[in-house]
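Scroll down for the structure; my scribbles are underneath it.
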Amino acid sequence: MTEGASAFAATAGGSLLALPILVPAAGVLLSFLLGGRQAERIALALMPVQFGFAVAIASLIWRSGQPLVYVLGGYAPPLGIALRADGFSAVMLVTTSLIMPAAGLYARTNFATPNDGTERRAPLVFWTLLQAIQAALSLIFLGGDLFNLYVALELLTFAAAPLVCLDGRPETLAAALRYLMFALFGALFYLLGVALLYGAYGTLDIVLLSRQIRAEPAVWLAAGLMTAGLLAKTALFPLHLWLPPAHANAPAAASAVLSGLVVKGSFFLIVRLWFNVLPALPNAVPGAILAALGSAAILAGSALALRQERLKLLIAYSTVAQIGYLFLMFPLASGPWSAEAFSGGVMQALSHAFAKAAMFLSAGLIAESLGHDRIAGLGGAGRAMPVTFLALGLGGLSLMGLPPSGGFAAKWLLMKASIEAGQWVWAVVMLAGGLLAGGYLYRVLAPALSGNRPRLKSPPRRSRENVALALALAAVLLAFAPPTFFAFLQIGRPAAGAALR
Amino acid sequence: MSSATLAGLVGAALVGLGLYGVIADPQPLRKILAFNLIGSGVFLVFGIVARKGAAAGLSADPVPQAMVITGIVVAFAASALAVALTLRLFEETGRATLRPDAGTKPPDDGADAE
Amino acid sequence: MSLALDLFSIAAISAGVFFFLAGTVGLLRFPDALSRLHALTKADNLGLGLIVLGLLPRAESLLAALMLVAIWALVQLAGATAAQLIGRAVRRKGPAI
Amino acid sequence: MSVLQALDVGLAFLVFAVAAWTVFAPGPFAATVGYVVYGLLLSLVWIRLFAVDVALTEAAIGSGVTGVLLIGAAARLRGAETTPAEEALTGLTRLFAAGLCLLVAAALAAVVLLLPDQGPTLAPQSMERLPETGLGNPVTAVLIAFRSFDTMLEKVVLVLGVVGVWSLAADRYWGGAPGEARAERPEPTLAFFAQVLAPIGILVGVHVFWVGADEPGGAFQGGAILAAMWMIVMMARLTEAPQASAFWLRLALIAGPAVFLAAGVAGAVVAGGFFAYPPGLAKPLILFIETFMTFTIAVTLPMLVAGPPRREPRR
């Protein structure tokens with residue numbers, strides 16, 4: 001393994017990579033042990049720390065222009081486990097560490113421990129599992145070993161599923177159970193692929209594997225199984241059935257995290273799989289299949305969103321559609337236009353994370369203030385709670401892909417790449433998806449901004465409105481990402497055209 | 001045919017059987033059973049990989065074996081969570097079902113039902 | 001001497017296997033729960049007992065031999081308890097199980 | 001065909017047949033019982049694959065503890081077995097599902113047959129670095145040293161499992177105890193069984209954990225046996241499950257991963273890296289971690305089986 005040695009020379013500052021995983025994991029254990037109000041305190045106190053780690057990792061990568069590497073326990077792969085961070089990992093880490101505190105600040109009202117300090121079920125579970133999601137996502141973004149990433153996937157499932165049914169209503173229990181079933185299916189198929197890859201090459205390290213992978217039956221089957229499993233967890237059409245009831249029924253703060261971040265975790269692994277593990281596979285056909293499914297998701301998800309009667313379900317179906325866009329990058333991300341398509345896909349993941357979190361938090365405020373979230377009953381609500389609807393509208397701007405918004409930048413890059421690649425059909429789908437998104441947002445916003453102000457059960461708290469607005473503004477601000485940002489995304493990305501080798 | 005290959009074929013068959021159970025049986029408990037079948041099929045694939053990696057005086061590669069042990073424990077925890085969800089659902093509704101429309105009721109209706 | 005021991009092992013284990021077989025046939029063919037239990041206990045008791053007896057001369061050490069006996073004793077304990085519990089359940093709920 | 005091969009083929013058919021039974025059996029209870037039998041047969045397969053550590057884990061956790069969990073669930077779900085007509089799949093869907101599953105199984109079987117007889121392996125590397133750990137069982141070395149990060153995180157998964165199961169409690173029961181209360185007059189047969197078995201089982205569990213350093217066994221298997229003993233005592237209603245709010249219980253549930261994580265972080269200070277062991281001190285440190293892990297597994301598995309709190313908390 002001498003030729004591999006350079007890949008595992010732990011880079012300076014590499015030990016930083018373990019911290020965003022270990023610190024929230026320790027937080028989970030402590031929160032559960034101490035219970036009561038301590039869970040909330042620990043969760044909120046660790047969030048800025050997590051942001052610090054993310055920024056430190058990003059700046060180290062930026063300064064060196066190289067991915068960060070850390071070998072755990074001094075046991076170098078293939079025997080041991082390595083952590084790696086490239087530009088994409090760092091960006092996702094920073095995004096997570098920004099959305100988590102937003103959800104946390106918003107959730108303080110809903111998940112407060114009573115003043116006498118008695119431990120309550122929902123707060124303890126929420127704050128503990130929120131940190132577990134943080135740990136799991138960090139591991140997904142940093143993991144360099146496919147089995148270690150399986151553990152990360154399971155961590156994510158165990159952290160996310162109970163959040164869906166936190167209020168214990170029967171329909172949320174059914175939604176959580178369905179979610180769990182899809183997630184288990186996904187994890188098992190992923191694991192089966194891992195077994196085949198180990199059987200073929202005797203290593204699960206991403207870098208070592210990528211050097212050895214050849215197009216042979218075991219690899220194709222492994223790739224198919226792992227992709228299918230991860231698609232079920234990402235809820236790409238037609239495996240999306242679990243997502244709308246799960247995301248629509250969870251508490252708003254949890255929905256924001258689930259829709260904004262958790263589905264991006266498994267998407268991130270699909271990107272890792274095809275771009276970092278399997279760059280040697282001819283990816284034209286699989287890429288086209290993924291993009292075709294993505295297109296179907298955009299059209300079906302948007303059409304279903306148009307027909308929903310509840311705001312949270314509409315937003316959840318729009319997640320199904322927006323996930324579809326993520327997969328348009330796959331057939332485009334090889335060849336000279338690859339950097340553009342890759343940037344577009346990442347930009348879509350980021351802008352959707354911020355926009356969707358903002359929209360779910362807004363929808364939560366609307367539901368709390370009006371006592372319902374029926375779209376038919378939203379008339380005039382926008383006048384009663386303008387800041388909430390501003391956040392909702394700005395988030396929607398990004399979903400539609402109108403400038404200025406991160407969604408616009410993402411869709412513009414993807415469209416440019418598809419036209420340059422001569423693959424017009426994706427561009428047409430994106431245009432149609434944008435129109436449909438306009439349609440379903442119009443259904444919500446138009447009546448809300450006209451008509452008489454309804455009587456609110458309780459006006460939303462300004463600080464919580466500001467949280468939603470800040471997220472929506474972040475989605476807008478992504479439109480102004482400088483070129484250096486896109487250069488940063490390319491750090492550590494396997495050379496485009498590795499497939500031609 | 002070596003016993004390792006035979007075990008691998010059984011593993012493949014178990015994955016197929018389990019997958020059928022997961023798709024075709026509407027009852028959550030039967031689905032959980034089927035998931036466990038898929039799981040053990042996957043573990044058997046690890047098992048033959050380990051057996052075929054016999055070397056250095058060991059009759060099987062220890063790394064995949066360790067992964068299976070980790071996997072069995074995780075699979076148990078997953079079963080426990082799924083069973084707890086199923087039982088709670090049964091207590092609340094008198095039936096255990098995964099019907100997709102079970103989740104589309106507006107929240108105020110659900111609050112009444114409670 | 002070793003031939004005699006081998007013959008003893010073969011005879012005892014064969015007899016044990018026979019009782020297992022008989023017990024299994026009984027489990028499958030007998031009409032109700034109680035008589036099935038009756039068939040099972042034969043397999044547990046005699047079948048396993050004879051197999052353990054046959055294996056004893058082949059044990060590598062005294063510890064291994066003790067372990068074999070311990071296994072037999074534990075199965076006895078578990079089998080007797082399970083039979084009791086099933087029998088009670090049958091009596092309470094009727095033989096329809 | 002040698003005798004052993006014939007046995008292998010017979011075992012393979014038996015495993016497959018019992019697995020098919022668990023999928024197609026008429027009732028959920030029968031299917032669940034089939035699954036327990038299946039788990040035991042499977043541990044025989046693992047022995048034939050020379051994976052004794054896995055066989056022990058499969059027998060103890062995959063078949064044993066999971067079996068208790070599923071049989072308990074099947075018993076409590078009686079009355080929910082009937083499938084409403086609108087949920088039953090149509091014949092065509094079934095056919096499609098069967099086709100898909102056949103395809104997956106066939107592709108997998110083909111790839112399995114294509115795997116070379118002498119595959120790639122990490123066995124030499126494991127043996128090469130085994131002395132550093134002071135252990136004799138390479139599987140334990142992989143779990144606690146080479147890939148300790150996996151194992152530590154998997155322990156966190158178990159904690160999350162408990163949090164998730166408990167989260168399903170009704171609000172008024174939060175902090176209370178799961179399962180049934182201690183009986184005034186326990187069922188005599190079961191009580192006798194538990195009283196005789198538990199001391200032996202605890203001895204066996206500790207033994208399996210202790211020999212795990214050098215022989216098949218270890219924290220998972222030993223912990224699972226200890227867990228089974230606690231479950232039997234609870235089933236006999238000689239004792240009852242502790243309250244979910246009990247500090248000692250919470251401490252027991254997190255002790256394994258917490259000690260593991262702390263040792264991992266300490267490695268960064270004294271041994272030059274996260275999850276590194278200081279040379280020479282590896283074995284005592286590993287045994288120290290494993291002790292806590294065994295204890296935590298012994299407490300966690302029964303709690304996962306017991307389900308969410310079902311009684312109001314006592315102050």
Side-chain angles (χ1 to χ4, degrees), chain B residues 3-10 12-17 19-21 23-24 26-27 29-30 33-34 36-37 40 45 47-63 65-66 68-70 72-74 76-77 79-81 83-88 90 95-97 99, chain D residues 8 12 15-16 19-20 22-23 28 31 35 42 45 48-51 53-54 57-58 61-62 65-66 69 73-74 76-77 80 83 87 89 94 97-98 101-102 104-105 108-109 112 115 117 119 121-124 126-127 138-139 142-143 147 150 154 157-158 161 164-165 168 220 304 307-308:
Chain B
S3 57
T5 310
L6 195 63
L9 292 181
V10 173
L14 290 177
V15 171
L17 259 179
L19 188 58
Y20 181 78
I23 299 175
Q27 298 171 20
L29 186 69
R30 303 293 291 264
L33 281 172
N36 276 299
L37 289 187
S40 47
V45 174
I48 64 151
V49 165
R51 181 72 181 114
K52 293 193 170 190
L58 295 178
S59 37
D61 184 351
V63 175
Q65 291 186 57
V68 172
I69 291 175
T70 302
I72 288 177
V73 179
V74 171
F76 165 73
S79 297
L81 187 56
V83 161
L85 265 169
T86 308
L87 288 176
R88 179 77 202 277
F90 177 60
R95 47 197 233 129
T97 174
R99 282 243 311 282
Chain D
D8 278 343
V15 167
F16 181 76
T22 65
V23 173
Y35 178 77
L42 209 58
V45 176
R48 290 293 300 134
L49 289 170
F50 294 86
D53 294 273
V54 181
T57 315
E58 174 63 42
I61 300 180
V65 185
T66 309
L69 172 80
R76 286 181 58 194
L77 280 173
T83 306
E87 286 181 49
L89 295 184
R94 273 175 193 282
C101 300
L102 268 179
V104 171
L108 195 55
V112 163
L115 286 179
D117 264 346
T121 176
L122 291 175
S126 306
M127 290 312 276
V139 178
V142 174
L143 282 170
R147 299 187 64 100
D150 280 345
E154 181 249 276
V157 169
L158 281 182
V165 167
L168 296 166
F220 290 94
L304 285 172

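Heavy atoms only: backbone and side chains are in, while hydrogens, waters and symmetry mates are out. Order of the sequence lines sets the chain letters (A, B, ...), proteins ahead of strands, with each chain counted from 1.
At least one side-chain heavy atom of D:Glu154 sits under 4.5 Å from a side-chain heavy atom of D:Leu158. By the 4.5 Å heavy-atom criterion applied to side chains, D:Val54 and B:Ile72 are counted as neighbours. Taking 4.5 Å as the limit, every side-chain heavy atom of B:Leu58 sits out of range of all side-chain heavy atoms of D:Phe50. A heavy-atom distance below 4.5 Å is not found between the side chains of D:Leu69 and D:Leu304.
Only the side chain of D:Phe220 has a heavy atom closer than 4.5 Å to any heavy atom of chain B. When heavy atoms are compared at a cutoff of 4.5 Å, B:Val73 approaches chain D by way of both its backbone and its side chain. Interface residue D:Val45: only side-chain heavy atoms are found under 4.5 Å from chain B.
When B:Gly47, B:Ala34, B:Ala77 are compared by the number of non-hydrogen pairs under 4.5 Å with chain D, B:Gly47 comes out ahead. Contact tally against chain D (heavy-atom pairs below 4.5 Å) for B:Val49, B:Val63, B:Val45, B:Val15: the top residue is B:Val63. Comparing B:Gly21, B:Ser40, B:Ser79 by how many heavy-atom pairs each has under 4.5 Å with chain D, the most go to B:Ser40. Residue with the most contacts toward chain D among B:Pro62, B:Gly16, B:Ala7: B:Pro62 (heavy-atom pairs, distance under 4.5 Å). Looking only at heavy-atom pairs under 4.5 Å with chain D, the residue among B:Leu81, B:Leu33, B:Ile69, B:Leu85 that has the most is B:Ile69.
Between the side chains of B:Asn36 and D:Thr66, no donor N or O sits under 3.5 Å from an acceptor N or O.
In this structure, the ring pair (Phe, Tyr, Trp, His ring centres under 6.0 Å) partners of D:Tyr35, at least two apart in sequence or on a different chain, are D:Tyr38.
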